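Here is how names work: the chains are called A, B, and so on, in the same order as the sequence lines, proteins then strands, and each is numbered from 1. Since the structure is predicted, the reported quantities are computational estimates derived from the model, not experimental observations.
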2 protein chains.
Amino acid sequence: MEILKPSECRSCCPIANALDILGDRWSLLVIRDMMMFNKHEFGEFIKGPERIATNILTDRLNCLQDCRIIASRRHPTHKNKKIYYLTQKGKDLLPVLVELILWGGTYRAAPDMPKAHFNKIKRDPKKFMQTTLHELKTWEQKNL
Amino acid sequence: MEILKPSECRSCCPIANALDILGDRWSLLVIRDMMMFNKHEFGEFIKGPERIATNILTDRLNCLQDCRIIASRRHPTHKNKKIYYLTQKGKDLLPVLVELILWGGTYRAAPDMPKAHFNKIKRDPKKFMQTTLHELKTWEQKNL
DNA sequence: CTGTATCCTTAGGGATACTG
DNA sequence: CAGTATCCCTAAGGATACAG
């Protein structure tokens with residue numbers, strides 16, 4: 001996927017601008033993995049249930065870095081790998097993910113969906129978001 | 001774009017399931033036009049600032065109907081055209097759009113973005129959603 | 001194992017012609 | 001004008017080989 005410069009955006013609509021980056025089938029899943037499942041390494045993303053291909057993952061990680069939704073640094077011990085983490089811009093996508101879960105969980109859920117997050121969110125979205133952000137913070141303090 | 005049957009979904013994650021339908025650069029813009037700009041006809045969608053192509057519009061209108069996010073009926077006077085409108089499933093995407101606007105308006109806005117909706121939403125998202133849904137209701141009572 | 005590159009097929013989608 | 005179909009090119013992305 002190609003990153004659009006602001007001048008190349010399709011319109012000045014904030015939804016269109018958001019979709020210019022996030023409007024594909026993979027980007028938000030990577031962000032989901034970082035936000036909800038505490039994943040930070042290449043191999044962790046690969047193991048997701050959607051079976052993202054390695055080249056696609058590389059591409060999305062780079063795109064998301066280019067537009068400052070995530071950032072990375074070298075792994076402290078394994079120096080040839082990286083740790084990816086969300087920037088503030090990335091963390092601010094949490095409400096979007098939450099609403100997508102509520103909608104997708106209501107209307108598009110496979111019958112065998114493990115409704116873990118969904119039920120928690122449905123009960124108290126605000127609290128869920130607080131907890132999630134708190135966990136991210138904890139991870140950051142330990143790892144960044 | 002092809003509609004996936006539930007059995008073909010990439011995973012049982014509600015986000016992935018939602019993206020299986022909405023994860024492209026156009027679908028949510030059509031929904032935005034219906035939700036926020038009170039558009040209901042082919043020609044109205046075409047006139048949007050993003051210049052969607054006629055074949056893409058046809059395709060998305062059909063996809064969105066197939067998965068019951070929108071519905072259509074014959075135009076009362078011009079019998080060779082249709083009126084498109086949101087189902088409940090479609091209207092329930094309003095919170096997603098709102099969060100996308102907040103995020104896109106904060107981080108991706110072109111400098112000349114007319115911040116009409118953005119400012120209103122930022123001030124009071126709940127109220128904005130109420131108003132929007134009320135306007136849709138009003139339109140429905142008059143036109144459906 | 002992390003990450004990139006290459007090959008190759010298909011899907012997305014722009015331009016435009018066309019039908020009712 | 002509403003909506004569809006065709007042409008055609010580019011981008012998305014799966015499989016897999018490869019490099020560090």
Once you round it to whole Å, what is the distance between [atom2] of [N] and [atom1] of [X]?
{"X": "B:Leu57", "N": "C:dA15", "atom1": "CG", "atom2": "P", "result": "15 Å"}
{"X": "B:Asn80", "N": "D:dG3", "atom1": "CG", "atom2": "P", "result": "8 Å"}
{"X": "A:Ile83", "N": "C:dG3", "atom1": "CD1", "atom2": "P", "result": "10 Å"}
{"X": "A:Leu19", "N": "C:dG12", "atom1": "CG", "atom2": "P", "result": "16 Å"}
{"X": "B:Lys79", "N": "C:dG20", "atom1": "NZ", "atom2": "P", "result": "15 Å"}
{"X": "A:Ile56", "N": "C:dT4", "atom1": "CD1", "atom2": "C1'", "result": "13 Å"}
{"X": "B:Ile46", "N": "D:dT4", "atom1": "CD1", "atom2": "P", "result": "11 Å"}
{"X": "A:Asp59", "N": "C:dG3", "atom1": "CG", "atom2": "C1'", "result": "13 Å"}

Closest to the [X] side chain, choosing from [options]:
{"X": "A:Lys81", "options": "C:dT2, D:dT4, D:dG13", "result": "C:dT2"}
{"X": "B:Phe42", "options": "D:dG14, D:dG3, C:dG20", "result": "D:dG3"}
{"X": "B:Tyr84", "options": "C:dG14, D:dG3, D:dA12", "result": "D:dG3"}
{"X": "A:Asp24", "options": "D:dA2, D:dG3, D:dG13", "result": "D:dG13"}
{"X": "B:Ala53", "options": "C:dG14, D:dG13, C:dG3", "result": "C:dG14"}
{"X": "A:Thr58", "options": "C:dG14, D:dG14, C:dG3", "result": "C:dG3"}
{"X": "A:Asn55", "options": "C:dA5, D:dA2, D:dG13", "result": "C:dA5"}

May I ask you to check whether B:Phe37 and B:His117 place their ring centers less than 6.0 Å from one another?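 Yes, they do, as the ring centres are separated by less than 6.0 Å.
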How are the rings of A:His75 and A:His78 set relative to one another: parallel (under 30°), tilted (30 to 60°) or perpendicular (over 60°)? perpendicular
How long is the gap from CE on A:Met34 to NE2 on A:His40, to the nearest 0.5 Å? 5.5 Å
First locate atom CG of B:Asn38, then atom CG of B:Leu136, and finally report the distance between them rounded to the nearest 0.5 Å.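 Between atom CG of B:Asn38 and atom CG of B:Leu136 there are 7.0 Å.
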So, does the side chain of A:Thr54 form a donor-acceptor pair with the base of C:dT4 at under 3.5 Å?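 Side chain to base: pair found, below 3.5 Å.
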If you look at every strand shown and take non-hydrogen atoms under 4.0 Å, does A:Arg60 touch a base, only sugar-phosphate, or nothing?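 A:Arg60: backbone/sugar contact only, no base atoms under 4.0 Å.
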May I ask you to evaluate whether A:Trp26 reaches the phosphate of D:dG13, defined as a side-chain N or O under 4.0 Å from OP1 or OP2? yes
Are any side-chain N or O atoms of A:Glu44 and backbone N or O atoms of A:Glu41, one a donor and one an acceptor, separated by less than 3.5 Å? yes
